[in-house]
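Scroll down for the structure; my scribbles are underneath it.
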Amino acid sequence: MSATQPCSLLIEDEPAQREVLSYNLESESYRVLQAGSGDEGLLIAREEIPDLIVLDWMLPGVSGIEVCRQIKSRNETKDIPVIMLSARSEEVDKVRGLETGADDYVVKPYSVKEMLARVRTQLRRTRAAAVGEQLVFEDIILDGETHKVTRSGAEIKLGPTEFRLLSHFMEKPGRVWPREQLLDRVWGRDTYVDTRTVDVHVGRLRKALAKQGGEDPIRTVRGAGYALG
Ligand code: CA
């Protein structure tokens with residue numbers, strides 16, 4: 001086991017589910033820590049500072065929602081991406097899960113392949129943060145200092161709002177952002193614009209990114225919002 005292997009923490013009370021996911025993560029050469037309860041999970045998260053946490057919503061005792069809230073409220077653990085697992089597919093639950101700070105939300109039963117893809121996406125985000133002022137997502141590079149954006153090496157011209165929107169997306173690839181949250185964070189809470197404005201600017205951003213060809217990196221999630229990747 002090398003120190004450079006990404007380390008993930010699984011917090012799930014059902015041993016069978018934990019074993020399957022653990023087996024699959026290990027075969028992708030991740031180091032895996034396991035916790036069978038929320039309390040144990042919080043303890044390990046604080047001691048080990050894993051690179052990623054997969055967290056079940058339904059846990060005996062401290063619920064997944066509460067575990068997530070605690071992880072995201074502590075300085076030493078708040079930057080660890082959390083993927084929340086839930087048997088509840090209701091959109092309202094999904095939004096609630098994301099509002100407690102979860103970075104992604106996966107509904108059970110899920111395909112292992114999809115789960116591993118989401119794990120990779122979250123770990124990519126951690127790497128992007130590690131390069132400092134530059135955010136990187138696939139062939140897109142955003143330089144926070146010079147305010148330049150390139151895709152496959154060619155410069156992309158963006159308006160200030162599109163730039164802020166893209167940098168917001170690039171800080172957390174894979175995360176689904178409800179329009180209201182984007183309004184709050186990109187435009188500010190006190191501006192009198194409606195959610196339709198978000199659609200307009202996301203449209204402009206897509207158009208600008210498509211100029212150099214390549215796939216549309218932004219996903220529209222019906223009834224939920226937008227995500228990068
Ligand atoms: Ca459970």
Side-chain angles (χ1 to χ4, degrees), residues 1 5-126 172-178 181 219 221-225 227-229:
M1 220 172 259
Q5 276 180 301
C7 172
S8 54
L9 167 61
L10 293 181
I11 309 176
E12 160 74 83
D13 59 312
E14 287 147 75
Q17 298 236 15
R18 218 164 54 221
E19 284 313 313
V20 170
L21 198 51
S22 167
Y23 170 82
N24 283 287
L25 286 167
E26 277 170 357
S27 59
E28 295 270 302
S29 64
Y30 297 116
R31 218 182 120 209
V32 182
L33 302 168
Q34 300 187 21
S37 73
D39 282 326
E40 194 190 352
L42 282 168
L43 203 70
I44 297 176
R46 261 173 248 150
E47 278 173 3
E48 304 278 338
I49 315 287
D51 298 298
L52 174 97
I53 296 172
V54 178
L55 171 64
D56 190 30
W57 178 313
M58 302 297 274
L59 294 169
V62 188
S63 77
I65 286 279
E66 184 50 32
V67 171
C68 185
R69 199 172 280 133
Q70 290 196 32
I71 286 168
K72 293 296 181 181
S73 67
R74 284 173 182 265
N75 260 335
E76 64 270 34
T77 52
K78 71 173 170 28
D79 295 325
I80 304 171
V82 174
I83 300 178
M84 188 157 258
L85 294 178
S86 173
R88 306 151 69 135
S89 63
E90 296 294 316
E91 208 58 60
V92 56
D93 285 334
K94 182 171 183 170
V95 170
R96 206 176 133 217
L98 293 172
E99 273 172 2
T100 62
D103 298 86
D104 202 356
Y105 184 94
V106 175
V107 176
K108 289 177 178 179
Y110 53 84
S111 85
V112 169
K113 211 174 142 200
E114 184 198 343
M115 174 57 96
L116 292 174
R118 286 167 184 251
V119 165
R120 280 193 292 273
T121 301
Q122 291 304 327
L123 289 172
R124 210 159 47 207
R125 173 212 141 190
T126 317
K172 288 194 172 189
R175 173 169 182 162
V176 180
W177 293 99
Q181 266 185 25
R219 264 189 309 139
V221 185
R222 271 196 73 183
L228 179 71

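Every number for a ligand or one of its atoms is a count from 1 in the order of the listing.
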Notebook entry, point to check: Can you find a heavy atom in the side chain of Ile65 that is under 4.5 Å from one in the side chain of Met84?
Noted result: yes
Of all N/O/S atoms in [X], which lies nearest to the Ca ion (ligand 1)?
| X | value |
| --- | --- |
| Asp13 | OD1 |
| Glu14 | OE2 |
| Asp56 | OD2 |

Item checked: Carboxylate-amine/guanidinium proximity below 4.0 Å for Lys108 and Asp56 -> yes
Check: Any N/O/S atom, backbone or side chain, of Met58 lying under 3.0 Å from the Ca ion (ligand 1)?
Finding: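 Yes, since at least one N, O or S atom of Met58 sits under 3.0 Å from the Ca ion (ligand 1).
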Checklist line | Pair Glu12-Gln34, side-chain contact (heavy atoms from CB on, under 4.5 Å): steps then yes or no | finding: CA-CA 8 Å; Glu12 160 74 83; Gln34 300 187 21; over 6 Å; no
Checklist line | Side chain Arg118, main chain Tyr105, donor-acceptor under 3.5 Å | finding: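 Flag set: sc Arg118 to bb Tyr105 pair under 3.5 Å.
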